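This report refers to the structure that appears directly beneath it.
All figures in this text were calculated on a predicted structure; none of them were measured in a lab. For ligands, and for the atoms within them, numbers begin at 1 and follow the listed sequence.
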Amino acid sequence: MISANHYVVNDHRKFVNIALIGFMGTGKTSVGRLVADMLRFDFIDTDELIQTGTGRSITDIFNKDGEATFRTLESQTVGELAGRTKAVISTGGGLPVNPKNLASLKAHALVVCLWSSPEKIWERVRHQGHRPLLHDKDPQAKIRELLAAREPFYKQADVLLNTELRSVREVAQQVIHQFRLESSGRR
Ligand code: S3P
């Protein structure tokens, strides 16, 4: 299990954006929208960009072309964000598994990972049907399995925040606090 508030920025980067990574149902979209609102930054969602760009739903891409095609589109989308500034980027849950994606985000963004337990994630996603990876006969086992496999990748974020016992507003404030701390120390 990843500990909450584990803070690991120790290199010399310049942050002009904030990227939120983490498993499905950890609050990336709701936190991201609020952070963007509070900072007057643009809100960008990589899944939305893919859907707008292809004119197709994520489920349709997974079902007809397979996960590999989706991952290629995901990597292209992340690469295209390099020139952006003042953006909060919410990312699909599997995106950091490709090290190139994380490296690409780290070149311009403070990377914050939102974390929750498998039980809390299940509580949040159980009534939503738009995630193809959870169209499984045992979605709870699938969550546990994917979360365990992805933990080493999520741990590479600059900041890890446990969202389980915090409101969306509290998490958003924490993200902004870390971003200000890091940006002011580096300019
Ligand atoms: C995925 C998470 C989804 C979406 C796709 C695959 C994953 O995004 O990118 O269904 O691999 O965990 P959210 O994390 O926003 O649900």
Handout entry: Donor + acceptor pair across side chains of Glu74, Thr46 (<3.5 Å)
Key = no
Problem - salt bridge (Lys or Arg N to Asp or Glu O under 4.0 Å) partners of Lys64, counting only residues at least two apart - result: Asp60
Exercise for the section: Could you tell me which non-hydrogen atom of Ser57 sits nearest to which non-hydrogen atom of Gln51, and how far apart they are? Expected result: CA-OE1, 3.3 Å
List, for ligand 1, each N/O atom that has a protein N/O partner under 3.5 Å away, with both atom names and the distance.
| unit_1 | atom_1 | unit_2 | atom_2 | d |
| --- | --- | --- | --- | --- |
| ligand 1 | 8 (O) | Asp47 | OD2 | 2.8 |
| ligand 1 | 9 (O) | Asp47 | OD1 | 2.9 |
| ligand 1 | 9 (O) | Asp47 | OD2 | 2.9 |
| ligand 1 | 11 (O) | Arg71 | NH2 | 2.6 |
| ligand 1 | 11 (O) | Gly94 | N | 3.4 |
| ligand 1 | 11 (O) | Arg150 | NH2 | 2.8 |
| ligand 1 | 12 (O) | Gly94 | N | 3.4 |
| ligand 1 | 12 (O) | Arg150 | NH1 | 2.7 |
| ligand 1 | 12 (O) | Arg150 | NH2 | 3.4 |
| ligand 1 | 14 (O) | Lys28 | NZ | 2.5 |
| ligand 1 | 14 (O) | Gly93 | N | 2.9 |
| ligand 1 | 16 (O) | Arg131 | NE | 2.6 |
| ligand 1 | 16 (O) | Arg131 | NH2 | 3.3 |

Donor-acceptor contacts under 3.5 Å from residues 80-88 side chains, at least two apart:
| unit_1 | atom_1 | unit_2 | atom_2 | d |
| --- | --- | --- | --- | --- |
| Arg84 | NH2 | Asp42 | OD2 | 3.1 |

Exercise for the section: For Ser30, enumerate each residue passing the side chain to side chain contact (heavy atoms under 4.5 Å, CB included) test, keeping only those at least two apart in sequence or located in another chain. Expected result: Val168
Handout entry: Carboxylate-amine/guanidinium contact Asp45 Lys28, below 4.0 Å
Key = no
